[in-house]
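Here's the structure, in structure tokens; my notes come after.
Predicted model, so just to flag it, every value in this text is computed and none were measured. Throughout, protein chains are lettered first and strands after them, A, B, ... in sequence-line order, and every chain is numbered starting at 1.
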There are 2 protein chains.
Amino acid sequence: MSDNKQTKSNDEIQLLVFKALADPIRLEIIKYLKHLDHEVACGEVGKVIEISKTSGSYHFKLLESAGLINTRREAREKYVTLNEQTFNKYVTDFYRNI
Amino acid sequence: MSDNKQTKSNDEIQLLVFKALADPIRLEIIKYLKHLDHEVACGEVGKVIEISKTSGSYHFKLLESAGLINTRREAREKYVTLNEQTFNKYVTDFYRNI
DNA sequence: AAAATAGTTCAAACATTTTTGAACTATTTA
DNA sequence: TAAATAGTTCAAAAATGTTTGAACTATTTT
């Protein structure tokens with residue numbers, strides 16, 4: 001495990017967040033997770049929205065590095081949920097705070 | 001003047017909005033307009049944030065087609081303001097409504 | 001132990017977005 | 001009327017983002 005301090009400015013995170021939201025597949029993933037409202041494995045999401053596992057891996061990585069999802073690995077599987085705090089801070093409150 | 005009915009679904013607009021927000025120059029423009037809080041010509045914004053007029057034209061066009069800005073042409077100049085309604089509907093309320 | 005499953009990584013191919021400069025329209029100023 | 005100003009359009013170049021399949025790690029099932 002690396003213990004690098006996460007040194008990203010709010011502006012950098014803000015941009016990563018909007019970039020992560022600027023894609024139809026990632027919006028589908030987000031909608032799916034919001035409506036499910038509980039932890040689910042990446043692979044299951046990928047099956048539902050019909051993308052390859054490689055493509056899934058790519059999109060989940062982007063969502064994760066924007067802080068929009070929380071992930072937990074259990075054995076072979078990686079479980080994800082939405083990170084509401086990030087949505088609140090960088091999306092819902094965006095216009096108010098700029 | 002064309003009188004084409006604007007036939008874009010909410011999902012299409014939602015994507016255009018996030019794509020428009022996924023760029024550092026356009027975020028700068030938006031911040032500038034928000035803080036000014038009154039109408040301003042494209043050219044003035046372009047000068048402040050130091051971009052070429054061609055680049056300005058390109059970015060303002062994207063913001064406009066996402067509905068994030070209102071524009072008004074007066075003689076040579078094009079005046080812009082933020083369109084708060086679009087921010088409210090597609091950004092602030094995004095997470096609540098998906 | 002072998003096969004199956006979940007996910008990652010890599011580089012190449014492909015697709016989309018952004019920048020650039022030149023040429024253009026329309027308006028205003030000298 | 002000529003020159004200056006504000007902005008647009010175009011196509012080519014440059015930069016970024018996404019998909020693909022093969023090879024890989026790690027875990028679980030048979």
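- Residues satisfying the side-chain contact (heavy atoms from CB on, under 4.5 Å) criterion with A:E77, sequence neighbours excluded, are A:A41, A:Y79.
- The ring pair (Phe, Tyr, Trp, His ring centres under 6.0 Å) test applied to A:F60 returns no partner, not counting sequence neighbours.
- With sequence neighbours left out, the side chain to side chain donor-acceptor pair (under 3.5 Å) criterion links B:N10 to B:Y90.
- Residues satisfying the side chain to side chain donor-acceptor pair (under 3.5 Å) test with B:E64, not counting sequence neighbours, are B:T71, B:K78.
- Within the structure, a side-chain polar atom (N or O) of A:H59 is placed less than 4.0 Å from OP1 or OP2 of D:dT19.
- Every side-chain contact (heavy atoms from CB on, under 4.5 Å) that B:L16 has, sequence neighbours left out, goes to B:K8, B:A66.
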Query raised in the report: When every nucleotide of nucleotides 2-10 of chain C is labelled 5' to 3' by its protein contacts under 4.0 Å (heavy atoms), B for base, S for sugar-phosphate only, - for none, what sequence of letters results?
Result: --BBSBBBB
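- Ring-plane geometry between B:F18 and B:F94 is classed as perpendicular, the angle between the planes exceeding 60 degrees on a 0 to 90 degree scale with a lower cut at 30.
- Qualifying salt bridge (Lys or Arg N to Asp or Glu O under 4.0 Å) partners for A:E12, counting only residues two or more places apart in sequence or in other chains: none.
- Contacts of residues 19-32 of chain A with DNA chain C (heavy atom under 4.0 Å): none.
- Evaluation of the side chain to side chain donor-acceptor pair (under 3.5 Å) rule for A:D93 yields A:R96 as partners, not counting sequence neighbours.
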Identify each donor-acceptor pair in which a side-chain atom of residues 43-55 of chain B lies under 3.5 Å from a protein atom, sequence neighbours left out, and give them as a table.
from  : atom 1 : to    : atom 2 : distance (Å)
B:E44 : OE2    : B:Y32 : OH     : 3.2
B:S52 : OG     : B:S55 : N      : 3.0

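- Summary of helix geometry: the two end axes of the helix from C:dA1-D:dT30 to C:dA30-D:dT1, each defined by five base pairs via their C1' atoms, are inclined to each other by 10° (rounded to 10°).
- Annotation: side chain to side chain donor-acceptor pair (under 3.5 Å) contacts of B:K89 (sequence neighbours excluded): none.
- We find that CD1 of A:I51 is positioned 12 Å from P of D:dT18, with the value rounded to whole Å.
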